[in-house]
2 protein chains.
Amino acid sequence: MYELFFQKFQEKVPLTDEEQEQIKAYLTPKKLRKRQYLLQEGEVCKAIAFVERGALREYSVDNGSEHILQFAIEGWTISDLFSFLTGEQATYNIDALENAELVLITKSAHEELLKKQPKYETYMRLLITGAYIALQRRLTSNISLPVEERYTSFTEMYPDIAQRVPQHMIASFMGVKPETLSRIRKKMAERK
Amino acid sequence: MYELFFQKFQEKVPLTDEEQEQIKAYLTPKKLRKRQYLLQEGEVCKAIAFVERGALREYSVDNGSEHILQFAIEGWTISDLFSFLTGEQATYNIDALENAELVLITKSAHEELLKKQPKYETYMRLLITGAYIALQRRLTSNISLPVEERYTSFTEMYPDIAQRVPQHMIASFMGVKPETLSRIRKKMAERK
DNA sequence: AAACACTCTTGACTATTGTCAATGAAACGT
DNA sequence: ACGTTTCATTGACAATAGTCAAGAGTGTTT
């Protein structure tokens with residue numbers, strides 16, 4: 001259990017066996033069925049979730065339409081960080097696109113680990129730094145590139161997600177309507 | 001010197017006088033004239049810059065058109081983090097919109113501080129976490145909201161920047177053409 | 001003071017994306 | 001295996017944003 005979690009952890013920060021055991025004591029496993037919520041808008045986000053198996057999404061809802069902020073498949077971490085850290089109401093929803101097995105770091109576990117295990121803080125720092133850089137790139141491509149190029153770069157960057165997730169969710173992730181993505185794919189196919 | 005830097009630092013992580021002196025030894029002051037580059041695409045980003053006075057922007061260039069990723073005024077931090085951390089070529093440019101006074105943390109200072117001063121690591125973690133959360137919100141509003149609402153929320157969130165920076169740069173930041181922003185402002189004014 | 005660069009606005013036109021509605025195919029649950 | 005939901009596609013039309021070109025107002029430089 002927690003194999004993938006510690007594999008990803010150790011890619012960033014190596015751990016001795018004892019350190020790993022120490023950290024393990026703070027983790028909570030959780031299973032989620034497809035369509036089940038991990039977090040709903042308005043609740044307080046009580047954990048950071050690492051995906052051991054399955055696929056989740058994080059999204060906001062605006063006038064009834066969903067906007068996907070993030071996907072998370074095996075090896076990824078997902079949370080409403082703002083709500084988690086401040087205790088304020090979450091503005092995002094998180095639910096499972098497939099049955100999933102998660103490793104949860106609860107708020108209290110997070111705080112204890114920050115106090116007791118410097119390597120945890122380092123891991124968190126590196127994790128968020130990587131997420132930040134990825135998000136900067138996504139934003140840059142969003143304000144710079146036409147939809148078609150954003151779509152091809154998405155499928156090249158995340159071919160696994162592109163295959164596992166319905167098209168209209170990729171459209172939502174990209175910030176366009178499903179019909180628009182469908183037409184763009186058609187044009188691309190015709191050109192080939 | 002470095003007043004604002006340490007004020008912002010201590011808002012996140014309190015320091016003793018000795019700790020502050022220790023950290024101060026790693027900082028480098030730098031002045032930048034209006035239009036001067038701090039970083040050019042293709043170079044390696046050699047420092048994280050904190051703005052004591054003035055205003056900078058970070059932007060990418062695509063087919064000759066500029067796309068502003070970030071503004072930074074007093075109290076903000078700016079860098080091409082990816083290039084800084086990996087030593088790869090920068091994909092962003094950073095230059096001064098006004099004469100500016102900066103506090104630089106060079107790569108070697110950054111590494112030494114991470115080793116020697118745990119509070120520096122904590123500060124960095126919190127700094128990036130805050131930046132990450134802000135960026136998530138910006139992306140959410142980019143994929144969710146029409147341009148007009150993005151513009152009003154920008155001016156409400158950053159009234160200081162909205163006043164100091166030319167309109168076409170705000171358009172670039174929002175990912176629309178200057179003409180479009182101009183027309184949206186006109187519509188808004190007519191409705192009032 | 002004249003020349004220049006920069007910024008913002010506006011108009012006419014084009015391109016892209018969204019909306020609404022309908023259809024067929026595939027996947028899902030029982 | 002059946003009915004139900006979910007998904008993707010398409011068409012006709014509307015709304016939004018981009019392109020190109022021109023002009024006016026500012027402020028700066030020399």
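Every chain is numbered from 1, with letters handed out A, B, ... down the list of sequences. Worth saying up front: this structure is predicted, and the values here are computed from it rather than measured.
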*Distance under 6.0 Å and angle within 45° of ring axis: A:R164 vs A:F71*: no
*Between A:E149 (CD) and C:dT16 (C1'), how many Å, whole number?*
14 Å
*Flag the pair A:K115 and A:E111 as a salt bridge only when some basic side-chain nitrogen lies within less than 4.0 angstrom of an acidic carboxylate oxygen.*
no
*How does protein reach along nucleotides 23-30 of chain C, written 5' to 3' as B (base within reach of a heavy atom under 4.0 Å), S (only sugar-phosphate), or - (no contact)?*
-----S--
*When the distance from CD of A:E190 to C1' of D:dT10 is rounded to whole Å, what number comes out?*
12 Å
*asked:* Please tell me whether B:Q20 and B:Q10 have a donor and an acceptor in their side chains that are separated by less than 3.5 angstrom.
replied: yes
*Members of residues 154-182 of chain B that approach DNA chain C, where some heavy atom sits under 4.0 Å away*: B:P166, B:Q167, B:H168, B:E179, B:S182
*Aromatic rings A:F5 and A:Y123: how do their planes relate, parallel, tilted or perpendicular, breaks at 30° and 60°?*
perpendicular
*Atom CZ of B:R183 to atom P of D:dA21: distance rounded to whole Å?*
15 Å
*Choosing from C:dA12, D:dG11, C:dT17, which nucleotide comes nearest the side chain of A:I184?*
C:dT17
*Quick one: are B:C45 and B:F82 in side-chain contact, heavy atoms under 4.5 Å?*
no
*Whole angstrom value for the distance that separates P of D:dT6 from CD of A:E66*: 11 Å
*Send over the distance from B:K187 NZ to C:dT9 P, rounded to a whole Å.*
15 Å
*asked:* Could you tell me if the side chain of B:L81 sits less than 4.5 Å from the side chain of B:I128, heavy atoms only?
replied: yes
*Salt-bridged, B:D95 to B:R57, with N to O below 4.0 Å?*
yes
*Do the non-hydrogen side-chain atoms of A:R150 and A:N142 ever get within less than 4.5 Å of each other?*
yes
*asked:* I'd like to know if B:R185 reaches the base of C:dT10 with its side chain, counting only an N/O donor and acceptor under 3.5 Å.
replied: no
